[in-house]
Amino acid sequence: MIYSKICGTGSYLPTDVMTNHDLEKLVDTSHDWIYTRTGIEQRHIAQSHESTCDLAEEASRAALNAAGIDSSDIDLIVIATTTADQVFPSTACILQERLGIKDSPAFDVQAVCAGFLYALDIADKFIRTESATKALVIGAETFSRIIDWTDRTTCVLFGDGAGAVVLEAAAVPGIHSTHLRANGAYKDLLSVPVGISRNFEQIINGSAYTQMQGGEVFKIAVKCMEQIAIEALEANDADVEQVDWFIPHQANSRIIASTARRLGVSMDKVVVTINQHGNTSAASIPLAMDTAVRDGRIKAGDNLLIEGFGGGFTWGSAYLTY
Ligand code: COA
């Protein structure tokens, strides 16, 4: 039996930081409101010349370096992103050329904030079926580009960044299981209702923005996050005591705390980066994972429960041994 295993992580955050106090100058809000409602203190924002692929490249090089793997050994690239550099080619193809990787499959996955789980699931299946041996799996976003910076109900929540993992074939897991869900009935609760074949004029006039019914999203997110985490534990006959680190999507500290409480996971086992990063969509889970690997919390052999939730709605989880 062949499994996939994470052998290196990396991440990258743009250098520009926007604090809640900076936002007070843009919209009618306050640090206290944002921090109390969301746990966010600051977020990183890409400069106008920085693209999603730029962030993905930095994160990928850091992950390859941590894994001690040359980019030429990579035989699959999957990027989860909502904010691709171009309509086509995919951000993954642009990255492939930059990293000097030849002929590997390379493609983007779009599942918004659950995108990293979708990308990880796909790469894991490539490796288990011997279609790839070493994969770069990335979550990268310049979400600030699809934010209306005059809308206080959304602009305080999001940030930019990228996280990457190198997955390689292994005789033991690694990834024990992945679990994906989607429900398009919720498509209007969180969306950018603009694209190439619909409302294209809003892209031309620069008003393609995220719209959200925050309260509804909050309630459904908590339920879905609990259900999909339980599914991952049950699939592996694992209980919460066996989880060393719980890494949820970083959307709101109250969603994170509520999910952890429902699962019975103590908060000192939860990786929380939302205070520093805001919601970086598909990048949030690999960014949080890399943070906890580099500061020494996550060690080889630790059991990780990761989960994400995003527009669609899409949601997913994975149970893995680091
Ligand atoms: N600053 C100050 N006041 C704000 C504000 C801001 N940035 N945004 C909204 N408000 C106001 C509202 O206008 C409202 O005022 P009113 O009572 O006079 O009408 C009040 O604050 C409460 O708004 P409400 O939307 O009920 O707040 P909330 O407690 O539900 O928190 C969110 C709002 C967005 C923080 C919360 O709903 C949330 O986090 N939802 C999930 C969003 C999410 O995670 N999305 C991504 C999923 S991947």
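In each ligand, atom 1 is the first atom listed, and ligand 1 is the first ligand listed. What you see is a predicted model, and the numbers here were worked out from it, not measured in a lab.
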Could you see which bit of Asn279 sits under 4.0 Å from ligand 1, with heavy atoms only: side chain, backbone, both or neither?
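The part of Asn279 near ligand 1 is the side chain, not the backbone.
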
Per-residue contact class, Asn252 against ligand 1 - non-hydrogen pairs under 4.0 Å:
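The answer is the side chain of Asn252.
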
For residues [X] and [Y], is any side-chain donor paired with an opposing acceptor at under 3.5 Å?
X	Y	result
Thr142	Thr52	yes
Asp124	Thr178	no
Glu141	Thr83	yes
Ser30	Asp32	no

Looking at side-chain heavy atoms only, is the closest gap between [X] and [Y] below 4.5 Å?
X	Y	value
Phe158	Arg43	no
Ser4	Glu168	no
Gln86	Ile94	yes
Val270	Ile256	yes

Return yes when Ile34 approaches ligand 1 closer than 4.0 angstrom through a heavy atom, no otherwise.
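It does not; every heavy atom stays at 4.0 Å or beyond.
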
Hey, is Gly215 one of the residues with a heavy atom under 4.0 angstrom from ligand 1?
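Yes; Gly215 lies near enough to ligand 1 that a heavy-atom distance drops under 4.0 Å.
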
Report, in ascending order of atom number, the atoms of ligand 1 lying under 4.0 Å from any heavy atom of [X].
X	value
Val156	7 (N)
Ile255	44 (O)
Thr38	35 (C)
Phe309	48 (S)
Cys113	48 (S)
Ala251	44 (O)
Arg254	29 (O), 31 (O)
His249	48 (S)

Closer than 4.0 Å: a protein non-hydrogen atom to [atom]:
atom	result
atom 10 (N) of ligand 1	yes
atom 7 (N) of ligand 1	yes
atom 2 (C) of ligand 1	yes
atom 44 (O) of ligand 1	yes
atom 39 (O) of ligand 1	yes

So, Ser284 side chain and Gln250 main chain: donor-acceptor pair closer than 3.5 Å or not?
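It does hold such a pair.
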
Locate the shortest heavy-atom distance separating Val112 from Ser281; write the atom from each residue and the value.
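So the two residues come closest at C-OG, 3.6 Å.
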
Determine, using ring centers only, whether Tyr319 and His176 are less than 6.0 Å apart.
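Under 6.0 Å, so yes.
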
